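Some notes on the structure that comes next.
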Amino acid sequence: MTSRERLLSALAIGPTDRVPISTYELVGFDEHSWYNQQASYAPLMDLVREKTDCLYMAYLPGPRLSNPADAVRTTDGSPEGDCVEYREHRQGASRFIRTVYHTSKGDLSSEHRIDDDIYTTWTLEHLLKTIDDLDRYLAISWELPELDLSGFAETQRRLGDRGIMMPSLSDPICVAADLYEMGQFLILALTETDRMRYLLDVEHERQMAHLRAVLEAGRKAGVDWTAVVFRICGPEYATPPYLGPEHFAMFVTPYVRRMSDLLHEYGAKMRLHSHGKIARVLDEIIKTEPDALDPIEAPPDGDITLGEVKKRIGDRVCLFGNIQLKLLEHGRPEQVRQFVVDAFEQAKAGGGYVIMPTAAPINTPLSPRTLENYRVFIETALEFGAY
């Protein structure tokens, strides 16, 4: 089977020649990815291209000023518009970015730090601080321009049989939780529930308008949505110990279900992404009609084993996971090998399983230990993954 066939069959809980292997953010065929620009990652990326199945994490064109604090932003570069001030300065090995939004109801500001050789963004000041900041945030103008999916369609064409496309979307709680410091968000979710739900409702309507526009533009551009899986991020913010199942049912389920229904209308697949403890919300997750679930973290990081999830929903949902990145970065090769074997014993039978780490390295240079552990993970998966 080709990688494309293998992944699509696994997503449909169908037969495959072997368990598909994903390295998550390590996208071998994205020449623009920083992983493919770093010399220390070159041997690993060669291995990824040669022996794994590509889920191409692709960006989507987005609305202007819709999600200024979105953790999985779909646009590149700095915010634009007359109502925005964007200032940047360096201090040592770090870049500091301050953004101020001038709204009709008052200013909002945020600050972020990006460190050299660490590919992530640290939030030093969140955009919203109080419940009244919601009114200022919602006063920011929102515009959905005409979207061009020709580049996405061309990337899908070039990828061909080597894999499938996987863009990311935020659900409403992903935006809301990232707008605030996490502790403050949780307090407001419990004490100002109606106002937080209003924020989620507004965000959701914007997200649905954007998603429908993306799907229509892709159809016109020649995208084959039946060979695309969308990763929806954010549900983890409503999992224990942060919030309980009743809040997951309120803040996540109805919104993600509508997103899922729209994706399925166009033939696309949906993969729900939720780190952490999912055992008590698994029934709610099923209500969103996901085609796949990741990363299914085992205890103590999560609260349910891969095997237990397989028994409960593995006949309906393709499972992705669950090799912890910390094992690949700090474990011994024999530990990695045994973890892969154990994962197959729990989830391989009957298909509908893709072996995958829970995250990917963000530092440079890549350590020799991490490189060796990735090699062991991939080669062990190939050794024991055949059906």
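For this chain, numbers begin at 1 and follow the sequence in order. Because the structure is predicted, anything quoted here is derived from the model rather than measured.
Thr253 and Glu284 share a side-chain donor-acceptor pair at under 3.5 Å. If you check the side chains of Tyr24 and Asp294, you find a donor sitting under 3.5 Å from an acceptor. Using a 3.5 Å distance cut-off with no hydrogens or angles, the side chains of His204 and Arg258 do pair a donor with an acceptor. Looking only at atom types and distance, the side chain of Glu125 has a donor-acceptor partner in the side chain of Ser109 under 3.5 Å away. Under 3.5 Å, the side chains of Tyr255 and Glu203 contain no donor-acceptor pair of N or O atoms. Between the side chains of Asn373 and Arg337, no donor N or O sits under 3.5 Å from an acceptor N or O. The closest side-chain donor-acceptor pair between His264 and Glu289, if any, does not fall under 3.5 angstrom.
Within the 4.5 Å cutoff, the side chain of Leu327 has no heavy atoms near those of the Pro357 side chain. Side-chain contact between Val317 and Ile286 is present, with at least one heavy-atom pair separated by less than 4.5 Å. Glu379 places none of its side-chain heavy atoms less than 4.5 Å from the side chain of Val340. Taking 4.5 Å as the limit, some side-chain heavy atom of His102 sits within range of a side-chain heavy atom of Val100. The shortest distance between side-chain heavy atoms of Val256 and Phe251 does not fall below 4.5 Å. Two residues are said to be in side-chain contact when any heavy atoms from C-beta on lie closer than 4.5 Å; Lys51 and Leu382 meet this criterion.
Looking only at distances, a side-chain donor or acceptor of Asn322 sits under 3.5 Å from a matching main-chain atom of Ile296. With hydrogens and angles disregarded, no donor-acceptor distance shorter than 3.5 Å links the side chain of Thr226 to the backbone of Gly267. In this structure, the side chain of Ser367 engages the main chain of Thr370 through a donor-acceptor pair within 3.5 Å. Here the side chain of Lys348 pairs a donor or acceptor atom with the backbone of Phe384 at under 3.5 angstrom. Formation of a donor-acceptor pair under 3.5 Å by the Arg369 side chain with backbone atoms of His330 is found in this model. Without hydrogens or angle criteria, Thr380 side chain to Val376 main chain gives a donor-acceptor distance under 3.5 Å. Under the 3.5 Å distance criterion, the side-chain polar atoms of His210 are matched with a main-chain donor or acceptor of Pro61. Checking side-chain atoms of Arg316 against main-chain N and O of Arg312 turns up a donor-acceptor pair under 3.5 Å. The backbone N or O of Ala349 lies less than 3.5 Å from a partner atom in the side chain of Lys310, making a donor-acceptor pair. Using a distance-only test at 3.5 Å, with no hydrogens or angles considered, a donor-acceptor pair links the side chain of Ser40 to the main chain of Leu366.
Taking the side chain to side chain donor-acceptor pair (under 3.5 Å) definition, one finds that Gln338 meets it with Asp342, sequence neighbours left out. Listed by chain and number, the residues in a side-chain contact (heavy atoms from CB on, under 4.5 Å) with Ser150 are Asp148 (sequence neighbours excluded). Applying the side-chain contact (heavy atoms from CB on, under 4.5 Å) test to Asp133 and every residue at least two apart in sequence or in another chain returns Leu108, Leu128, Lys129, Thr130, Arg136. Phe152 meets the ring-ring contact (aromatic ring centres under 6.0 Å, His included) test with Trp225; sequence neighbours excluded. Partners of Glu308 under the salt bridge (Lys or Arg N to Asp or Glu O under 4.0 Å) rule, at least two apart in sequence or in another chain, do not exist in this structure. For Trp34, the ring-ring contact (aromatic ring centres under 6.0 Å, His included) partners at least two apart in sequence or on another chain are Tyr41, Tyr119. The ring-ring contact (aromatic ring centres under 6.0 Å, His included) check on Tyr374 picks up nothing, with sequence neighbours excluded. Every residue two or more places apart in sequence or in another chain that forms a side-chain contact (heavy atoms from CB on, under 4.5 Å) with His275 is listed here: Glu236, His273, Pro295, Glu297, Thr358. Looking at residues two or more places apart in sequence or on another chain, you find a ring-ring contact (aromatic ring centres under 6.0 Å, His included) between His89 and Phe96. Evaluation of the side-chain contact (heavy atoms from CB on, under 4.5 Å) rule for Ala177 yields Phe185, Tyr237 as partners, not counting sequence neighbours.
Here CG of Leu190 is found 8.5 Å from CD1 of Ile187. Values are rounded to the nearest 0.5 Å. Rounding to the nearest 0.5 Å gives a distance of 5.0 Å between CG of Leu262 and CG of Leu215. Taking CD1 of Ile173 as the reference point, atom CZ of Phe248 lies at 8.5 Å (rounded to 0.5 Å). Atom-to-atom distance recorded for Cys318:SG and Ile313:CD1 is 10.0 Å, nearest 0.5 angstrom. Interatomic distance, OG1 of Thr155 versus CD of Glu31, reported as 7.5 Å (0.5 Å rounding). Residue Arg113 holds its CZ atom at 10.0 Å from CD of Gln91, rounded to the nearest 0.5 Å.
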**OP:** Check the pair Arg6, Thr16 against side chain to side chain donor-acceptor pair (under 3.5 Å), reporting the backbone distance first and the verdict last.
**Re:** CA-CA 6 Å; Arg6 188 176 296 118; Thr16 58; over 6 Å; no
Subject >> Audit row: Tyr56, Asp30, side chain to side chain donor-acceptor pair (under 3.5 Å) steps and yes/no >> reply: CA-CA 7 Å; Tyr56 195 111; Asp30 180 4; 3.3 Å; yes
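Nearest heavy-atom pair, Tyr35 versus Ala360, reported as atom, atom and distance to 0.1 Å: OH-CB, 3.5 Å. Residue Ile304 comes nearest to Ala279 through the heavy atom pair CB-CB, 4.0 Å, listed as atom of the first residue, atom of the second, then distance. When all heavy atoms of Lys269 and Asp291 are compared, the pair lying nearest together is CA-OD2, 3.3 Å. Closest of all the heavy-atom pairs between Val354 and Ser22 is CG1-CB, 4.0 Å. In terms of heavy-atom proximity, Ala10 sits nearest to Pro20 at CB-CG, 3.9 Å. Thr23 approaches Leu26 most closely through the heavy-atom pair OG1-O, 3.0 Å.
Here Arg212 pairs with Glu265 in a salt bridge; the nearest charged N to carboxylate O distance falls below 4.0 Å. Taking the charged nitrogens against the carboxylate oxygens, Asp46 and Arg49 do have a contact shorter than 4.0 Å, which makes a salt bridge. Using a 4.0 Å cut-off between charged side-chain N and carboxylate O, Arg195 and Glu192 make no salt bridge.
Heavy atoms from other residues, nucleotides or ligands lying under 6.0 Å from CD of Glu146 number 12 at most. Counting heavy atoms of neighbouring residues, nucleotides and ligands inside a 6.0 Å radius, atom OH of Tyr198 does not exceed 12 of them.
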Give every donor-acceptor pair under 3.5 Å between a side-chain atom in residues 160-167 and any protein atom, sequence neighbours left out.
unit_1	atom_1	unit_2	atom_2	d
Arg162	NE	Leu159	O	3.2
Arg162	NH2	Arg158	O	2.8

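Taking the centre and axis of the six-membered ring of Tyr86, the NZ or CZ atom of Arg98 falls outside the cone set by 45° and 6.0 Å.
Ile21 and Met1 end up in different hydrophobic clusters when Ile, Leu, Val, Met, Phe, Trp and Tyr side chains are linked at under 4.5 Å.
Residue pairs meeting the ring-ring contact (aromatic ring centres under 6.0 Å, His included) criterion with at least one partner in residues 338-371, sequence neighbours excluded, do not occur; the list is empty.
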